[in-house]
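Computed from a predicted structure; not experimentally measured. Read the numbers this way: they start at 1 and go in the same order the structure lists the ligands and their atoms.
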Amino acid sequence: MAEQEVERHLMVVIGGTGDLMERKLLPAMRRLTERGALHGKVVLLASGRRTSFDDESYREWAREALEAAGMPVDAEDSNWCDRCLHYQSVGDQQPEDFARLQQRIEELEREHDLPGNRIFYMATPPGAFIDTVERLGEAGLSEGPGWTRVVIEKPFGHDLDSARELNARIHRHFREEQIYRIDHYLGKETVQNLLTFRFANMLFESVWNRDRVAAVEVLVAEEIGVGRRGEFYDGVGALRDVVQNHMTQLLSLTAMEIPVEFAADAIRDEKVKVLRSLAPIDPSQVVLGQYARGEVAGEPVPGYTEEEGVAEGSTTETYVALRTYISNWRWQGVPFVLRTGKRLGEKRTQITIHFRCPALALFRAHAQATVHANTLVITLQPDEGFDLCFEVKEPHDPLRLQTHSLRFRYEDAFPELPDAYETLLVDVAQGDQALFVRADEVEHSWRIYTPLLAARSKVYPYEAGSMGPAEAERLLPPTGEVCPL
Ligand code: BG6
């Protein structure tokens, strides 16, 4: 979000031969260099367990990864790889491996004439980052000649206690101002725009409250199943995988008060206030589901328990619908309905604000004049944009109404949206923490969901390709609500 000058730095990616590096970080770095955003500013040191790589073979691997990501490597890319990419193994992560890493870091800083600013990016498998963070700290790498920042990816714990412990362990080595916890949803352009939409437009703020809003719905629907992540996902489930982090971020941004300034801590303070105001979720207001065989996009797909790595008879939820309430002046009594699932009939991330019905049943005398409550639909992906739906009179008599919308689509205005990782990498380099999750945010979020994890009971099957179990319908705000006449 900030627009400070990026200072020259070394980015050390631990897990530098892994999936995240291959699919997200390398392509994002490449695009940023191309756009000039990080050009000449960053030297990359990938680090991993593999001892068979050296700089040259790593560069070859990186070229292949870029090709696989649909970014054909031309001479300029090759130059970039040769100039900026290096590899250093950390083997089994023994103290001597980190001593060697430190040595290599210092050599590269001399070679590239860098001022000693360092980013340590933990692109390790889920949950493995904490050991590495501790090894870095023990090796004295948590402070360097310039600034030092550490980037970590979710999951940040699996319940409240583990999140507290993780935070405490990280804080033994790094100060909170050095820690960048990534929730990639915050890097999505459309998610960032939520704040601009709310606070740069006078139109919406005055109706953004319990007097005008009947319900708020947050949907994260996915067509994909668990793919190759079956074993990992089976120990996690949708509540931990998507609700506790991505969806709770969307809820906070939608519900938060106006920050005192457009700056990291002011924004994060307001998000934390929302989390602190969330009432305990009543387990009767939660429906869990698990996909059974079905058809998605015309293709037959297996049920969850038939997926590779998933335990036989597993009851892990792949779908959650829940109703929660924010006990504060603005939102008291307004249900916030969160709904997410894998193998649903469509991929769609959307926030829908359901407005209340008009105060007066003015059209009572006109039997045909059905009035629908207004909605504002904020589509975060795909087909990013806004639809403000309102009532219009059909021409001629008798009085009949139709719902139409004012429609904005990003692609009409902006041909290209940056990938979330491009935004987040620049923000880390600039030292702007606004789009990163603060320690207290993580803990407050787990405080809400941890009791539900223990109370998980029935998991309803739903057919892949449907929109989830029918049992969840009672929790959803009515779509196209007809106002009483
Ligand atoms: C990840 C989850 O954090 O987010 C995945 O672990 C999920 O299970 C993904 O598929 C969704 O992200 P996006 O950007 O595709 O909406």
Show me, pair by pair, the donor-acceptor contacts under 3.5 angstrom made by side chains of residues 212-226, not counting sequence neighbours?
from	atom 1	to	atom 2	distance (Å)
E217	OE1	H354	NE2	2.8
E217	OE2	R339	NH2	3.1
E222	OE1	K342	NZ	2.7

Please tabulate, for the side chains in residues 119-132, all donor-acceptor contacts under 3.5 angstrom to protein atoms that are two or more places apart in sequence or on a different chain.
from	atom 1	to	atom 2	distance (Å)
Y121	OH	E153	OE2	2.6
T132	OG1	Q93	OE1	3.4

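Counting only distance, with no hydrogens or angles, the side chain of R118 and the backbone of V12 share no donor-acceptor pair below 3.5 Å.
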I'd like a table of the close N/O pairs between ligand 1 and the protein (anything under 3.5 Å), one pair per line with both atom names and the distance.
from	atom 1	to	atom 2	distance (Å)
ligand 1	3 (O)	K154	NZ	2.9
ligand 1	3 (O)	H246	NE2	2.7
ligand 1	4 (O)	H246	NE2	3.3
ligand 1	6 (O)	K154	NZ	3.1
ligand 1	6 (O)	R229	NH2	2.8
ligand 1	6 (O)	D241	OD1	2.6
ligand 1	6 (O)	D241	OD2	3.3
ligand 1	8 (O)	R229	NH1	3.0
ligand 1	8 (O)	D241	OD2	2.6
ligand 1	8 (O)	K342	NZ	2.8
ligand 1	10 (O)	E222	OE1	3.3
ligand 1	10 (O)	E222	OE2	2.5
ligand 1	10 (O)	K342	NZ	3.0
ligand 1	12 (O)	H184	NE2	3.2
ligand 1	14 (O)	H184	NE2	2.8
ligand 1	14 (O)	K188	NZ	2.6
ligand 1	15 (O)	K347	NZ	3.2
ligand 1	16 (O)	Y185	OH	2.6
ligand 1	16 (O)	Q381	NE2	2.6

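Shown here are the side chain to side chain donor-acceptor pair (under 3.5 Å) partners of D419, two or more places apart in sequence or in another chain: there are none.
Side-chain polar atoms of N193 and Y410 form a donor-acceptor pair below 3.5 angstrom.
Put simply, the residue from L186, L424, I152 that forms a side chain to side chain contact (heavy atoms under 4.5 Å, CB included) with F436 is L424.
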